[in-house]
Visitor: 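Let me begin by handing over the structure; questions about it come next.
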Amino acid sequence: MTAAPSAATPALLAARFITLEGGEGAGKTTLSKRLAEALAASGLPVLRTREPGGAPGAEALRNLMLHGHVAWDPVAEAMLMFAARREHVAKTIRPALEAGIWVICDRFADSTLAYQCYGHGLDAAVWRKLADVALEGFAPDVTLVLDLPPEAGMARALTRGLPDRFERLGKAFHARVHAAFREIAAAEPKRCALLDAAQGADQVFAAASATLRERLGAPL
Ligand code: Z5A
């Protein structure tokens, strides 16, 4: 999903890797579309992508993980997430950045920490080891963490007819994931910005734009 720039690309602005994180229904997809449109309108080439997925092999793993019928062992699930991520970085994200294309990615490694570790109980030390092997230090320039209480995310997801996942994983699970994203943002304030996602979409977009302007010099 590459949005073509509509004007001359601003000079000397290196391509950046931006990730969006948060629970289900927090508004990541909505925000990523608006940011990509705004960056493209200001003359920057932009690629929107998502995890798990974003490259052919990673999409195959996504199907296996999200639409298969296996109750994964948490370590196995985390290994699959990082296998998909490595493929995504190697085949899609790095080539785009090297070609000068800004990348906006819906979920990245923080989601594995939040879901597999805080949510499903995987030891964070395993996450760290897998991240070291799969990413070799590669990390987002900025992560926008969309902060929304799980009940509100569920209400939004219900409007899209997706109640099963919430019911399957339970309220306590989603509360742990919500707390995890807040902790991740607090632990890495240079990389992460916590945005109040309970606001309307226009306000969330304005807050995200201000963050990218201040931290990356993005022309938003
Ligand atoms: N997962 C994992 O376990 N480990 C990992 O490492 C990774 C992922 C990478 C991916 O699901 C699943 O994989 C996810 C985590 C796990 N699941 N679980 N459990 P996905 O890709 O199918 O979906 P998602 O990432 O959870 O996103 P989502 O449910 O599609 O939600 P969203 O993208 O954050 O929200 P949205 O689609 O933009 O908005 C939802 C609705 O709210 C929609 O009707 C919008 O119009 C509306 N909306 C959006 N913003 C607003 C505001 N500001 N106000 C009001 N309404 C709004």
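Scope of the values below: all heavy atoms of this structure, side chains included, with no hydrogens, waters or symmetry mates.
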Visitor: Tell me, do Lys33 and Ile104 make a side-chain contact under 4.5 Å, heavy atoms counted?
Guide: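 Answer no - side chains too far apart.
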
Visitor: Do NZ/NE/NH1/NH2 and the carboxylate oxygens of Asp106 and Arg50 come within less than 4.0 Å?
Guide: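 So Asp106 does not pair with Arg50 through a salt bridge.
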
Visitor: Has the side chain of Gln199 got a donor or acceptor atom that lies under 3.5 Å from a matching backbone atom of Asp196?
Guide: yes

Visitor: Side chains of Trp102 and Leu13: closer than 4.5 Å at any heavy-atom pair?
Guide: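 Yes; the side chains approach each other to less than 4.5 Å.
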
Visitor: Using modelled atom types and a 3.5 Å cut-off, is there a donor and acceptor pairing between side-chain atoms of Arg107 and backbone atoms of Gly22?
Guide: yes

Visitor: Distance-only, no hydrogens or angles: does the Lys28 side chain make a donor-acceptor pair with backbone N or O of Gly23 under 3.5 Å?
Guide: yes

Visitor: Taking CE in Met79 as the centre, count heavy atoms belonging to other residues, nucleotides or ligands within less than 6.0 Å. Is the count above 12?
Guide: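 Result for CE/Met79: open.
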
Visitor: Ion pair present between Glu51 and Arg85, side-chain N to carboxylate O less than 4.0 angstrom?
Guide: yes

Visitor: Please step through side-chain hydrogen bond (donor to acceptor under 3.5 Å, both in side chains) for the pair Tyr115 and Arg176, ending with a clear verdict.
Guide: CA-CA 8 Å; Tyr115 282 83; Arg176 289 196 297 278; over 6 Å; no

Visitor: Are Phe82 and Gln116 packed together at the side-chain level, in the sense that at least one heavy-atom pair is separated by less than 4.5 angstrom?
Guide: no

Visitor: Quick one: sort the Phe173 and His120 rings into parallel, tilted or perpendicular, breaks at 30° and 60°.
Guide: tilted

Visitor: Do the side chains of Arg48 and Glu37 get close enough for a salt bridge, i.e. N-O under 4.0 angstrom?
Guide: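 Judged by the 4.0 Å cut-off on N to carboxylate O distance, Arg48 and Glu37 do not form a salt bridge.
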
Visitor: side-chain contact (heavy atoms from CB on, under 4.5 Å), that's the test. Do His178 and Asp147 meet it? Break it down for me.
Guide: CA-CA 7 Å; His178 179 230; Asp147 184 39; 2.7 Å; yes

Visitor: For the residue pair Leu44 and Pro219, establish whether any side-chain heavy-atom pair is separated by less than 4.5 Å.
Guide: yes

Visitor: Do the two ring centres, one from His88 and one from Phe108, sit under 6.0 Å apart?
Guide: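 Between Phe108 and His88, which both carry aromatic rings, the centre distance is not below 6.0 Å.
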
Visitor: Is there a side-chain contact between Leu195 and Val145 in this structure, where contact means two heavy atoms from C-beta onward sitting under 4.5 Å apart?
Guide: no

Visitor: For Arg86, is there an ion pair with Glu136 - N to carboxylate O distance below 4.0 angstrom?
Guide: yes

Visitor: Would you call Asp110-Arg191 a salt bridge at under 4.0 Å N-O?
Guide: yes

Visitor: Any salt bridge linking Asp202 with Arg34? Criterion: basic side-chain nitrogen under 4.0 Å from a carboxylate oxygen.
Guide: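 So Asp202 pairs with Arg34 through a salt bridge.
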
Visitor: Do the non-hydrogen side-chain atoms of Ile18 and Pro140 ever get within less than 4.5 Å of each other?
Guide: no

